[in-house]
Amino acid sequence: MKDITLLMPAKINLSIDVLNKRPDGYHSVEMIMQAIDLYDIVSVEKQKSGITLKCSHNDVPEDQRNIAWKAAEHFFIEASRKPWPYTDKGVSINIEKKIPVLAGLGGGSTDAAGVLIALNRLFNNCLDERQIFEIAKGLGADVAFFLKGGTQKSEGIGYELTSLPDFDGINLVLVKPDISVSTKWVYQNFDLNQPGERPDTDTLVNAIIQRDIPKLALGMRNVLESATIKRHPEISIIMEKMMEYGALGSRMSGSGPTVFGIYPDEKTAKIALSKLLKEYTQVFHNKTISRG
Ligand code: ATP
């Protein structure tokens with residue numbers, strides 16, 4: 001086998017709570033993460049040596065700054081600790097971007113996870129699951145999530161993942177407004193003393209276990225909205241529109257700016273999609289997916 005192509009999904013956060021800031025500067029979080037059927041296409045092909053990368057999106061770097069490139073670099077560092085029985089020791093990566101960039105949808109992280117999964121398959125699973133997970137953790141908490149996918153509760157600084165029951169087939173509409181938000185800025189401007197409404201994560205987990213979609217949708221909260229919306233009030237306007245067009249609940253994903261709504265059925269979601277398309281350019285109708 002010389003090449004592998006994977007569809008790597010985006011994620012939304014059904015809830016985000018920030019519990020405290022640790023002495024090392026990281027935040028302790030409690031989140032529910034959900035993979036959705038919006039995919040980047042990640043192709044990986046063996047080559048004699050070195051890493052090369054091509055990406056269809058103009059704003060995404062094609063060198064060491066690309067997180068998927070870093071994933072490959074770390075894979076080879078770890079794998080070459082043992083004798084290397086293969087003639088090829090390099091990789092060419094191609095990323096066809098469908099997931100909006102800087103959107104709070106985990107686009108870069110999912111590409112990195114895809115490269116780790118594909119490389120390990122191409123090189124006969126030369127690393128075990130734990131080693132792949134350690135590399136992912138070093139690249140970022142979201143990368144670790146995408147190795148698992150589906151619905152996960154995430155704790156600690158984001159690496160402690162607990163798989164939740166399948167919560168697939170839920171109708172979503174997403175709007176990515178034309179603004180850029182840096183995750184770093186959002187965390188720097190998030191005030192732990194004024195987080196706004198916090199989620200009741202246990203109640204949300206139970207709603208997922210019972211597949212009680214209205215209960216889940218009603219209880220969703222994202223404390224990071226308090227920072228992002230202060231700077232970009234139009235995010236709350238989009239959430240209001242989602243509700244007006246029939247959503248059971250609507251929230252910002254990650255640190256934003258993408259807003260998603262949960263809809264009771266496909267028909268309502270499609271009507272909301274067509275209304276929102278009149279006002280925004282990046283609007284998507286998607287569904288939640290289970291673990292691959
Ligand atoms: P998250 O939801 O994890 O915060 P995001 O959607 O906010 O992610 P990304 O789309 O992953 O953000 O991109 C963040 C930054 O990383 C951008 O500035 C982009 O140029 C850079 N980047 C590096 N590698 C990639 C990649 N493979 N895909 C997208 N962006 C990448």
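When a ligand or atom number is given, it counts from 1 through the structure's own listing order.
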Student: Should you measure from each heavy atom of K11, which atoms of ligand 1 turn up under 4.0 Å away?
Tutor: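 Taking each heavy atom of K11 in turn, ligand 1 has 2 (O) under 4.0 Å.
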Student: Does the pair L161 and L147 meet the rule for a side-chain contact (heavy atoms from CB on, under 4.5 Å), with working shown?
Tutor: CA-CA 11 Å; L161 298 169; L147 291 178; over 6 Å; no
Student: Can you tell me how far OG of S28 sits from CD1 of I157, rounded to the nearest 0.5 angstrom?
Tutor: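 Going from CD1 on I157 over to OG on S28, the span is 8.0 Å.
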Student: With respect to atom 19 (C) of ligand 1, which of D111, V101, I93 exhibits the smallest heavy-atom separation?
Tutor: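 Closest candidate by heavy-atom distance is V101.
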Student: Find the distance between NE2 (H74) and CG (L127) and round it off to the nearest 0.5 Å.
Tutor: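 So the gap between those two atoms works out to 13.0 Å.
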Student: Above 12 or not: heavy atoms from other molecules or residues under 6.0 Å from NZ of K2?
Tutor: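 For K2, atom NZ is crowded (more than 12 foreign heavy atoms under 6.0 Å).
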Student: Considering only non-hydrogen protein atoms, determine which one is nearest to atom 22 (N) of ligand 1 and report residue, atom name and distance to 0.1 Å.
Tutor: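 For atom 22 (N) of ligand 1, the nearest protein heavy atom is P61 CD, 4.2 Å.
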Student: For D166 versus R211, what's the shortest heavy-atom pair and its separation?
Tutor: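 That would be O-NH1, 4.2 Å.
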Student: Distance under 4.0 Å to a non-hydrogen atom of R65: what atoms of ligand 1 satisfy this?
Tutor: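 Every atom of ligand 1 under 4.0 Å from some heavy atom of R65: 23 (C).
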Student: Considering all heavy atoms of both residues, which atom of F146 and which atom of T110 are nearest to each other, and what is their separation?
Tutor: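 So the minimum-distance heavy-atom pair works out to CD2-OG1, 3.3 Å.
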Student: Between E30 and T201, does a side chain to side chain donor-acceptor pair (under 3.5 Å) hold up when you go through it step by step?
Tutor: CA-CA 8 Å; E30 199 169 58; T201 308; 3.1 Å; yes
Student: Return the closest protein heavy atom for atom 3 (O) of ligand 1 as residue, atom name and distance.
Tutor: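 The protein heavy atom lying closest is D142 OD2, 2.8 Å.
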Student: Who gets closest to atom 6 (O) of ligand 1 by heavy atom: G254, G104, C55?
Tutor: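 Answer by nearest heavy atom: G104.
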Student: Tell me which protein heavy atom sits closest to atom 28 (N) of ligand 1, plus the residue, atom name and distance to 0.1 Å.
Tutor: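 Residue, atom and distance for the closest contact: K97 CE, 3.0 Å.
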Student: If you measure from each non-hydrogen atom of I99 to ligand 1, which part falls under 4.0 Å: side chain, backbone, both or neither?
Tutor: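 Neither; nothing of I99 gets under 4.0 Å from ligand 1.
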Student: Closest non-hydrogen protein atom to atom 31 (C) of ligand 1, residue and atom name please, with distance?
Tutor: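 Looking only at protein heavy atoms, the one closest to atom 31 (C) of ligand 1 is V60 CG1, 3.9 Å.
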Student: Give me the nearest non-hydrogen protein atom to atom 17 (C) of ligand 1 as residue plus atom name, then the distance to 0.1 Å.
Tutor: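 Looking at atom 17 (C) of ligand 1, the protein heavy atom closest to it is L102 CG, 3.8 Å.
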Student: Would you compute the distance between atom CD1 of I93 and atom CG of D111 and round it to the nearest 0.5 angstrom?
Tutor: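 So the CD1 of I93 and the CG of D111 are separated by 9.5 Å.
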Student: With heavy-atom distances below 4.0 Å as the criterion, list the atoms of ligand 1 near L105.
Tutor: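 The list of qualifying atoms is 2 (O), 6 (O).
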Student: Considering both backbone and side-chain atoms of A103, is one of its nitrogen or oxygen atoms within less than 3.5 Å of a nitrogen or oxygen in ligand 1?
Tutor: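 N/O-N/O distance below 3.5 Å exists for this pair.
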Student: Would you verify whether the NZ or CZ of K46 falls within 45 degrees of the ring axis of F123 while also being under 6.0 Å from that six-membered ring's centre?
Tutor: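 Yes - K46 lies over the ring of F123, closer than 6.0 Å to its centre and within 45° of its axis.
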Student: For atom 11 (O) of ligand 1, what is the nearest protein heavy atom, given as residue, atom name and distance?
Tutor: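 Heavy-atom neighbour on the protein nearest atom 11 (O) of ligand 1: G108 N, 2.7 Å.
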Student: With heavy-atom distances below 4.0 Å as the criterion, list the atoms of ligand 1 near D59.
Tutor: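 Result: 20 (O).
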Student: In the protein, what heavy atom is nearest to atom 2 (O) of ligand 1, and what distance, to one decimal place, separates them?
Tutor: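 Going atom by atom, the protein heavy atom closest to atom 2 (O) of ligand 1 ends up being G106 N, 2.9 Å.
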Student: Looking at ligand 1, does any of its N/O atoms fall within less than 3.5 Å of an N/O of T183?
Tutor: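 By distance alone, the answer is yes.
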Student: Using the side-chain hydrogen bond (donor to acceptor under 3.5 Å, both in side chains) definition, which of the options D3, T5, N94 pairs with S43?
Tutor: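 Of the listed residues D3, T5, N94, the side-chain hydrogen bond (donor to acceptor under 3.5 Å, both in side chains) partner of S43 is T5.
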